[in-house]
Novice: 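Have a look at this one before I ask anything.
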Amino acid sequence: MTTPSVSVLFVCLGNICRSPTAEAVFRRRVADAGLADRIHIDSAGTGDWHIGKAPDRRASAAAAQRGYQLEALRARQVSAEDFRRFDLVLAMDDNNLADLQALRPEDDDALLVRFLDVLGDDGPHEVPDPYYGGDDGFDRVLDLVERASDLWLERLRERL
C-alpha cells in the first residue's frame with residue numbers, strides 16, 4: 001500500500017454535521033479519482049460535546065440520499081497534534097478558523113484555511129451550520145461541500 005502523500009482534515013464545531021459530511025463527500029471524490037491510497041482524509045470538531053458520537057441523523061439522511069455514508073464516522077476533537085499530521089486543515093467557518101489558529105502550534109506549516117476559500121469570489125466563505133435549522137440546511141451543506149470538494153481535489157492533484 002502506498003503511503004498517502006497528502007493529508008486533509010475537515011473541521012467544524014461538533015464534528016457531527018458539516019465536517020463528517022465533507023469527509024464523506026471528499027473521500028468518495030478521492031476514491032472515484034483512484035487516489036484513495038494517496039490522500040488521507042479525516043474530520044474533527046473544535047468542541048468536545050459530541051466526542052465518540054455518530055453524525056447527526058439529519059446529516060446522515062441527507063448524505064445517504066446522495067449516496068454518501070456517514071454512519072461509521074465518529075466525532076472527535078481536533079488536537080494540536082493534528083497540525084503535524086495533516087498538510088491541509090480546512091475550517092468550515094470563521095469561528096472554527098479562529099479556534100484553530102489559536103490551537104495551532106507555532107512551528108506548524110500545515111495550510112490552514114476555510115474550506116470554501118477554494119470558491120474564491122464565486123460563492124460564500126462559510127459552510128452554514130445546519131444543526132439548529134430545518135432539513136433543507138443539510139442539503140445546502142451538501143451542495144456547497146460537493147462543489148468545494150471537486151475544486152480541492154483538482155488542486156491536490158497538482159501536488160501528487
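Numbering starts at 1 and runs along the sequence shown. All values below were derived from every heavy atom in this structure, side-chain atoms included, with hydrogens, water molecules and symmetry-related copies excluded.
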Novice: Looking at Arg57, I want to see if its CZ is surrounded by more than 12 non-hydrogen atoms of other residues, nucleotides or ligands under 6.0 Å.
Specialist: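 Counting other residues, nucleotides and ligands, CZ of Arg57 stays at 12 neighbours or fewer.
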Novice: Between Arg157 (side chain only) and Ala33 (backbone N and O only), is there a donor and an acceptor less than 3.5 Å apart?
Specialist: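 Here the side-chain-to-backbone pair does not exist.
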Novice: Let me confirm one number: the CD1-OG distance from Ile16 to Ser43, rounded to the nearest 0.5 Å.
Specialist: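 One finds 11.5 Å between CD1 of Ile16 and OG of Ser43.
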Novice: Enumerate the salt bridge (charged side-chain N to carboxylate O under 4.0 Å, His left out) contacts for residues 7-20, please, sequence neighbours excluded, ordered by first and then second residue.
Specialist: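 Qualifying pairs: Arg18-Asp93, Arg18-Asp129.
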Novice: Going by atom types only, do Glu146 and Tyr68 share a side-chain donor-acceptor pair under 3.5 Å?
Specialist: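 Looking only at side-chain atoms, Tyr68 and Glu146 do form a donor-acceptor pair, the distance falling under 3.5 Å.
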Novice: Can you pull out every side-chain hydrogen bond (donor to acceptor under 3.5 Å, both in side chains) where at least one residue sits in residues 117-128? Sequence neighbours excluded, please.
Specialist: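 Of all non-adjacent pairs touching residues 117-128, those that pass side-chain hydrogen bond (donor to acceptor under 3.5 Å, both in side chains) are Arg114-Asp117, Asp122-Arg147.
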Novice: Same hydrophobic cluster for Val113 and Met92, using side-chain heavy-atom links shorter than 4.5 Å among ILVMFWY?
Specialist: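 Linked within one cluster.
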Novice: Check whether any side-chain N or O of Asp87 sits under 3.5 Å from a backbone N or O of Ser7 as a donor-acceptor pair, and report yes or no.
Specialist: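 Side chain of Asp87 to backbone of Ser7: a pair is present.
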Novice: Linking I/L/V/M/F/W/Y whenever their side-chain heavy atoms sit closer than 4.5 Å, directly or via other members, would Phe115 and Leu156 fall into one cluster?
Specialist: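 Looking at the clustering, Leu156 is in the same group as Phe115.
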Novice: Could you tell me which residues satisfy ring-ring contact (aromatic ring centres under 6.0 Å, His included) with Phe26, sequence neighbours excluded, listed by chain and number?
Specialist: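 For Phe26 the ring-ring contact (aromatic ring centres under 6.0 Å, His included) partners, ignoring immediate neighbours, are Phe10.
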Novice: Answer yes when Asp82 and Arg85 have at least one side-chain N-carboxylate O distance shorter than 4.0 Å, and no when they do not.
Specialist: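 Salt bridge present between Asp82 and Arg85.
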Novice: Applying the side-chain contact (heavy atoms from CB on, under 4.5 Å) criterion to Leu73, which one of Ser60, Ser19, Pro55 satisfies it?
Specialist: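 In the set Ser60, Ser19, Pro55, the residue that makes a side-chain contact (heavy atoms from CB on, under 4.5 Å) with Leu73 is Pro55.
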Novice: Could you state the interatomic distance from NE2 (His50) to SG (Cys12), rounded to the nearest 0.5 Å?
Specialist: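 Spacing of NE2 (His50) from SG (Cys12) equals 9.0 Å.
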Novice: What pairs with Asn95 under side chain to side chain donor-acceptor pair (under 3.5 Å), at least two apart in sequence or on another chain?
Specialist: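 Asn95 satisfies side chain to side chain donor-acceptor pair (under 3.5 Å) with no other residue.
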Novice: Nearest 0.5 Å, please: how far is CG in Leu100 from CG in Leu112?
Specialist: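 So the CG of Leu112 and the CG of Leu100 are separated by 5.5 Å.
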Novice: Answer yes if Leu88 and Phe86 sit in the same cluster of Ile, Leu, Val, Met, Phe, Trp and Tyr residues linked by side chain heavy atoms under 4.5 Å apart, and no otherwise.
Specialist: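 No, separate clusters.
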Novice: For the pair Arg38 (side chain) and Leu160 (backbone), establish whether a donor and an acceptor sit closer than 3.5 Å, ignoring hydrogens and angles.
Specialist: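 Not at all, since once roles are kept as given, no pair shorter than 3.5 Å links the two residues.
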Novice: Hey, what do you get for CG (Asp109) to CZ (Arg84), rounding to the nearest 0.5 Å?
Specialist: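 Atom-to-atom, Asp109:CG and Arg84:CZ are 10.5 Å apart.
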Novice: What residue among Val127, Asp136, Val25 forms side-chain contact (heavy atoms from CB on, under 4.5 Å) with Val141?
Specialist: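 Output: one option passes, namely Val127.
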Novice: So, using side chain to side chain contact (heavy atoms under 4.5 Å, CB included) as the criterion, who are the partners of Arg155 when residues are at least two apart?
Specialist: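 Side chain to side chain contact (heavy atoms under 4.5 Å, CB included) list for Arg155, sorted by chain: Val118, Trp152.
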Novice: Which heavy-atom pair separates Leu70 from Ala24 by the least distance, and what is that distance?
Specialist: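 Minimum heavy-atom contact is CD1-CB, 3.6 Å.
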Novice: Looking at residues at least two apart in the chain, or sitting in another chain, which of them share a side chain to side chain contact (heavy atoms under 4.5 Å, CB included) with Ala80?
Specialist: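 With sequence neighbours excluded, Ala80 shows a side chain to side chain contact (heavy atoms under 4.5 Å, CB included) to Leu103, Pro105, given in chain and number order.
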Novice: Strictly distance-based, threshold 3.5 Å: is any side-chain N or O of Arg27 a donor or acceptor partner for the main-chain N or O of His40?
Specialist: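 The answer is no, because no donor-acceptor pair under 3.5 Å joins these two groups.
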Novice: Indicate the atoms forming the closest heavy-atom contact of Thr46 with Asp99, along with that distance.
Specialist: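 The pair with the smallest heavy-atom distance is OG1-OD2, 3.8 Å.
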Novice: What's the separation between atom CG in Leu90 and atom CD1 in Ile41, rounded to the nearest 0.5 Å?
Specialist: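 Nearest 0.5 Å value for the CG-CD1 distance: 11.0 Å.
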Novice: Return the minimal non-hydrogen interatomic distance between Ala75 and Asn15, and the atom names on each side.
Specialist: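 For Ala75 versus Asn15, the nearest heavy atoms are CA-OD1, 3.1 Å.
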Novice: For Glu71, does its backbone N or O pair with a side-chain atom of Arg74 as donor and acceptor, under 3.5 Å?
Specialist: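 Yes; at least one donor-acceptor contact below 3.5 Å.
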Novice: Which value, rounded to the nearest 0.5 Å, describes the distance between Leu151 atom CG and Leu153 atom CG?
Specialist: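 Between Leu151 CG and Leu153 CG, I get 9.5 Å after rounding to 0.5 Å.
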